[in-house]
Amino acid sequence: MQNISMGQAVAQALSEEMRRDPSVFMAGEGIGVGIHDSPLMPTYGLLQEFGPGRVKDTPVSEAVIAGLAVGASVLGLRPVVEVMFFPFFTLASDQIVNHAAKLRYLSGGKSAFPMVVRIKAGAGFGAGCQHSHNLEAWAAHCPGLKVVMPGTAADAKGLLKSAIRDDNPVIFIEDMGLYFFPTPVPEEDYTIPIGVADVKKPGRDVTVVTWSKMLGTAFKAVGPLAKDGIDIEIVDLRTLLPLDKETILNSVRKTGRLVVLHEATRTGGFGGEIAALAAEEAFEALKAPVKRVTAPDIPVPFSPPLEKFYLPDEAQLIQAIKDIVKA
Amino acid sequence: MQNISMGQAVAQALSEEMRRDPSVFMAGEGIGVGIHDSPLMPTYGLLQEFGPGRVKDTPVSEAVIAGLAVGASVLGLRPVVEVMFFPFFTLASDQIVNHAAKLRYLSGGKSAFPMVVRIKAGAGFGAGCQHSHNLEAWAAHCPGLKVVMPGTAADAKGLLKSAIRDDNPVIFIEDMGLYFFPTPVPEEDYTIPIGVADVKKPGRDVTVVTWSKMLGTAFKAVGPLAKDGIDIEIVDLRTLLPLDKETILNSVRKTGRLVVLHEATRTGGFGGEIAALAAEEAFEALKAPVKRVTAPDIPVPFSPPLEKFYLPDEAQLIQAIKDIVKA
Amino acid sequence: MTSQKKYELYRGMLLIRRFEEKLTELCAGGKVPGMVILCTGQEAVAAGVCGALEKEDVIISNHRSHGHLLAKGADPNLIMAEIYGKSTGYNKGKSGTLHIAAPEVNALCTTTVVGGGIPIVVGTAFAQQYNKSGSVSVCFFGNGAADEGSFHESLNMAALWNLPAIFICENNVYSGAQRMEDHTKVKDIATRAIGYDMPGVVVDGNDAVAVYNATVEARERCLAGEGPTLIECKTYRWRGHGESDHQVYQPKDEIACWMERCPVEKLQKELLDEGFITRQEVLELENEINKAVEESVRFAEDSPWPAPEDALEDIYA
Amino acid sequence: MTSQKKYELYRGMLLIRRFEEKLTELCAGGKVPGMVILCTGQEAVAAGVCGALEKEDVIISNHRSHGHLLAKGADPNLIMAEIYGKSTGYNKGKSGTLHIAAPEVNALCTTTVVGGGIPIVVGTAFAQQYNKSGSVSVCFFGNGAADEGSFHESLNMAALWNLPAIFICENNVYSGAQRMEDHTKVKDIATRAIGYDMPGVVVDGNDAVAVYNATVEARERCLAGEGPTLIECKTYRWRGHGESDHQVYQPKDEIACWMERCPVEKLQKELLDEGFITRQEVLELENEINKAVEESVRFAEDSPWPAPEDALEDIYA
Ligand SMILES: Cc1ncc(C[n+]2csc(CCOP(=O)(O)OP(=O)(O)O)c2C)c(N)n1
Ligand SMILES: Cc1ncc(C[n+]2csc(CCOP(=O)(O)OP(=O)(O)O)c2C)c(N)n1
Ligand SMILES: [Mg+2]
Ligand SMILES: [Mg+2]
């Protein structure tokens, strides 16, 4: 088992898939020659290995980067393109939502669009709201897309391989907060299925459904809560679309309590979907109100104390859990 | 009381506001000289009355149409711009989400962006998924925006006037299914406050939260359910952001049962937010599982029987209500 | 150009014309659902461009697609059935008139998002270059679409990478109800090619032979690795934006003037003048084509509707 | 240009230079949060453009904004405090270095979405035209931004409507780590103006006087109702894209060569040669400016952080 960061795990998945399958190529702004020459970054070293024919630095043109993937994939290539930061998803969204997600349907099932859009996400870098704005709820509201958001380096590697081998457009969202800390990642070639949530920690009292960087926040709450005799079950969604309802519902039916934890802002966030699911399909099992722990409904502010205030933390999670265990 | 369609009610609000306030202007594709020369359309007659200086036909350029509104509003004008169909919101979304919604925050409260973006929405016209795709959940997930989606012509008039007078960016979503049927609309100048839901029909047994065209579908369920002794309360959201939680919660606390009805696809739809709200804050009052009646998770298909299948209808609503009244 | 080739272009245009005239009739009779958008008067663009392509060349089309599809060799029956929304249509009724894809003839994607196809053709051309497939990609779009940001990003990238792409701007004077001078100040869209260091060509879009020749040249450039070309075809939309548009903003004499320059009649006259066909043969051809069109309507009308639950299929591969 | 005016431009450039050199130092010392992006070497663009504007003229800036803001007359203290994220900053710490708005001097919006400001300047210029305010709007953006769709849509609309807008493309050779030839085939971004029937001008972006003159002319066109101008200022980024960029892709001799062409020294030399200032006065000015910069740092460091809950404010008007 190697110890590598999520950035490195992504780079490993990319390079292994590119070696395996010559139809895989990459495109994006500065994915080859970049302004961050760090081996922790997710496309580090790929230009050197695969050359400019397969690792394409592009103009700053998000719409055509996405369109490039749509067109190349319908002819059978497997593009992996990058949207540098999540707010720029807006600029690519017509191609992704109205084209990548819909053109197979519009072909009556004749065509396929095996493409991956990698997106860098997450607040916490002092970059402000035009660089940090988690919009996974947008992508997850678009039938035809798959939406993946790994919470560990090991998951990222296996899920990205699945995404590249998938015959559908996959939005693969990488929280930059996970890029820099090494964790154990298997060395071999493995895939993790898209559409399957993972119970990262079994528990008795409360189900915490979360994804991406917030998985770490959930784990930080385990110890303090255990001291109070509260045993949480952590369900890492990993894939938002298609949603693994069974794993969520089984957990909620077992614990009878649900807290959803995500970094995105609250209103209209994907946490609503999870809470709704429980209220619809695990209602009889629920012993207490559902809770969502999320960012407040504000843009991500720049100043360190403000940005810290923005990000949900384990204290808020612990409080929410205690509230409903008491209830 | 006049009998006019929602298209006419919108046109009336626009012309009255333009007469009242010279800082109001309009821009959009074919809002002046249009391919539909019908008096039922929402911008009919405005070019004649106000001239090409205030009713600006634009190139087919959604990003700059939205940017025009951002820039003009920060200098104190009150632009009302149009996005022709909801899927093209994607093309304007960087300007709307990363700029209109955030620039006030980024100015530290120094600047204001009093602009309205009108969007034509709704399936049912045989135009297919690149013209019909309700994305209100996207807009409602963006702090800094207000999101309004009227369900009657009378509401449209009063809400649009409020939107134009509001000092914030307002996304005003008009379902084209309401454009063509006359209903009573007060003749005088009136506003309806943004952020206030409306109990369109009080009832005892089940709360139905809905908005836009689906309000009519909810009303179609009233009679048949009454025959079975079920009395529904219909809450017309009217505004999705800011969300009138109190009205929703009061109703749910009273009836103990909630069904959310919307036209957009299910997963990630704004119905999740409403269901989550109930599961969080009216949990004790809930007597039965929450239900969502929505379109299935598919793009809007073209063929009439398929498109009909797509649209949620009163039969589905009635079934959902009966299911939870029995439960 | 050989007379034989000219005859093929003529024949192709005639099919498009009659197919769409039938649609006008069907729309007036309320026979087809949704909004139907025709290219009547613009047939020379579809015929001239597609006449210069090989089967494996890709086309990406827009809302005004019937001509492109027919010229690329798509089956009129399957197009008509799709327009009707029948299960036998090219896309099982999911697309309707606005987004027909016919991968069978490499009409890979049709998008009704104005400008939406231009980035996609960058992708298909990239795949052709990447695979050294010796084929090219063509995107059809209107003068209005040339104002979309996607046009700009796409032409820049295509030029930068020398992609085998041909950008066909079908300038029919209007963009919706807006005339060219109401949506851009520039006189020729082709001028914009300079901004990407790409050749930009203006051709008479009512002359199928001129369109054909320009396309052949652009295709050769593509295959020689010299990159993309922007071809602006000046033409005119005889009918409204769609069949429900009453054309109140289109001057009657302007329409009349352009009808004088009918691209189908032009080629017919040349072929008659050259003695390649006789009046009798024209009548026979008309007859044959009318039959094919009638047959497509019969096929569509006799075809079953999709079952409602079919709507749930074809989302994921 | 009068020597007095030239002196003002020189003085403005010197302030920008020293202000940003200080930021380089602060970043290296880990004193300021987030990613700081400097315009060192490009000062002549900010100074030349803003020197030609009146107070009521609007500027819309981008991620490389400090120069624009200072040249437009923004307060160094409030900029520095904002960069530090302090409550006394222009935007109470909500913006940081990347999106500073200083409505006080009509630096209305700064957006770090590449190309995002270009549509906005169409809006401000429209408002000025609508209100017959006799002022103009200027948008600063880079060579990279000129590939975004927003550039295209905006220039087309601005030209179509004859808006009083000036588009300043600050071509510093790079777009992130990509050189100009890696992101577009065209040699001069200004060429693209032809595609909108708009004047496109190339100027030496290291010559504040040339930039000033081009802006004056463009501004006069605006005010005469003759519409917008695209001005491309050829310049160079001495430092990395941001302060954390180690410039591995920027050839050392290229940097050295451009440092030879320092815009600040150029004007200083001219003023000395003209005898308008003496070496002594230069030293005094340096001194004064260094003090102002130090003062801005002191102001920022002494200022309080915003309270966490302040994050909840300023969303809605
Ligand atoms: C992104 C987008 N905006 C607006 C529309 C509505 N619309 C459909 S066709 C059209 C005009 C397009 O004009 P042009 O590109 O010249 O094509 P033409 O219809 O003339 O063939 C418009 C505005 C659309 N379908 N997509
Ligand atoms: C829409 C968008 N895409 C990508 C980025 C990341 N990014 C920031 S600056 C930059 C390069 C811009 O180059 P240029 O416009 O030439 O400006 P310069 O940095 O050289 O001043 C990129 C790609 C961004 N901020 N916004
Ligand atoms: Mg046209
Ligand atoms: Mg640059």
Side-chain angles (χ1 to χ4, degrees), chain A residues 28-38 41 43 47 52 56-67 84-92 94-95 123-133 176 265 267 295-311 313, chain D residues 32-36 63 82-87 89 91-100 110-116 142-151 174-179 182-184 240-242 244-249 304-315:
Chain A
E29 299 161 11
I31 59 161
V33 182
I35 58 174
H36 301 290
D37 55 331
S38 152
M41 295 303 280
T43 59
L47 175 65
K56 309 287 298 177
D57 276 321
T58 66
V60 191
S61 307
E62 286 75 13
V64 71
I65 291 170
M84 207 186 255
F85 297 109
F86 218 150
F88 315 151
F89 178 77
T90 54
L91 292 161
D94 167 57
Q95 281 299 320
F125 295 87
C129 64
Q130 289 183 331
H131 279 78
S132 304
H133 188 178
M176 293 178 291
T265 54
T267 303
D297 284 329
I298 62 173
V300 176
F302 161 75
S303 180
L306 303 182
E307 193 178 27
K308 184 165 180 310
F309 177 83
Y310 174 90
L311 281 167
D313 63 17
Chain D
V32 290
M35 51 167 166
V36 175
H63 55 280
E82 188 60 38
I83 294 172
Y84 269 78
K86 296 301 183 73
S87 66
N91 313 121
K92 308 182 191 166
K94 291 191 161 101
S95 265
T97 165
L98 287 176
H99 340 68
I100 298 174
T110 294
T111 163
T112 177
V113 177
V114 167
N143 48 305
D147 295 340
E148 286 278 8
S150 58
F151 166 90
Y174 288 90
S175 164
Q178 276 56 60
R179 296 177 63 80
D182 298 327
H183 71 80
T184 187
H241 175 72
S244 59
D245 170 1
H246 301 118
Q247 301 179 277
V248 289
Y249 55 86
W305 294 107
E309 321 76 53
D310 290 352
L312 299 172
E313 280 165 21
D314 301 324
I315 321 270

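Bear in mind the structure is a predicted one, so any value in this text is a computation, not a measurement. Proteins get letters first, then strands, A, B, ... in listed order; numbering begins at 1 in each. All heavy atoms count here, side chains included; hydrogens, waters and symmetry mates do not.
For a residue to count as touching a neighbouring chain, one of its non-hydrogen atoms must lie under 4.5 Å from one of that chain's; by this rule A/Pro305 touches chain D with backbone and side chain alike. Proximity to chain A is limited to the backbone of D/Ala307, based on heavy atoms less than 4.5 angstrom apart. In this structure, the portions of D/Val113 lying under 4.5 Å from any heavy atom of chain A include both its backbone and its side chain. Heavy atoms closer than 4.5 Å to chain D are found in both the backbone and the side chain of A/Phe302. Residue D/Tyr174: no heavy atom, backbone or side chain, is found under 4.5 Å from chain A. In this structure, chain D has no heavy atom under 4.5 Å from any part of A/Glu307. Residue contact with chain A, scored on non-hydrogen atoms closer than 4.5 Å, involves the side chain of D/Ile315 exclusively. Contacts of A/Ala63 with chain D are absent, with no heavy-atom separation under 4.5 Å from either backbone or side chain. Of the atoms belonging to A/Phe125, it is backbone heavy atoms, and not side-chain ones, that fall under 4.5 Å from chain D.
Atoms OG and CD, from A/Ser61 and D/Glu148 in turn, are 5.5 Å apart once rounded to the nearest 0.5 Å. Here CG of A/Asp57 is found 13.5 Å from CZ of D/Arg179. Values are rounded to the nearest 0.5 Å. The CG atom of A/Asp297 sits 9.5 Å away from atom CG of D/Leu312, with the distance rounded to the nearest 0.5 Å. For the atom pair A/Cys129 SG and D/Leu98 CG, the distance stands at 10.0 Å (nearest 0.5 Å). To the nearest 0.5 Å, atom CE of residue D/Met35 and atom NE2 of residue A/His36 are 7.0 Å apart.
Put simply, of A/Leu91, A/Ile35, A/Ile298, the one with the most heavy-atom pairs under 4.5 Å next to chain D is A/Ile35. Your options are D/His241, D/Gln247, D/Glu309, D/His99, and the one with the most heavy-atom pairs under 4.5 Å with chain A is D/His99. Contact count versus chain A (heavy atoms, under 4.5 Å) is highest, among D/Asp314, D/Thr111, D/Asp182, for D/Thr111. For the set A/Glu62, A/Glu29, A/Lys308, the entry with the most heavy-atom pairs within less than 4.5 Å of chain D is A/Glu62.
Between the side chain of D/Thr112 and the main chain of A/Gln130, no donor-acceptor pair closer than 3.5 Å is present. With hydrogens and angles ignored, the 3.5 Å screen pairs a side-chain donor or acceptor of D/Gln178 with a backbone N or O of A/Val33.
When every heavy atom of D/Gly144 is checked against every heavy atom of A/Val60, the shortest pair comes out as O-CB, 4.0 Å.
A/Thr43 meets the side chain to side chain contact (heavy atoms under 4.5 Å, CB included) test with A/Leu14, A/Met26, A/Ile31, A/Leu46, A/Glu82, A/Arg118; sequence neighbours excluded.
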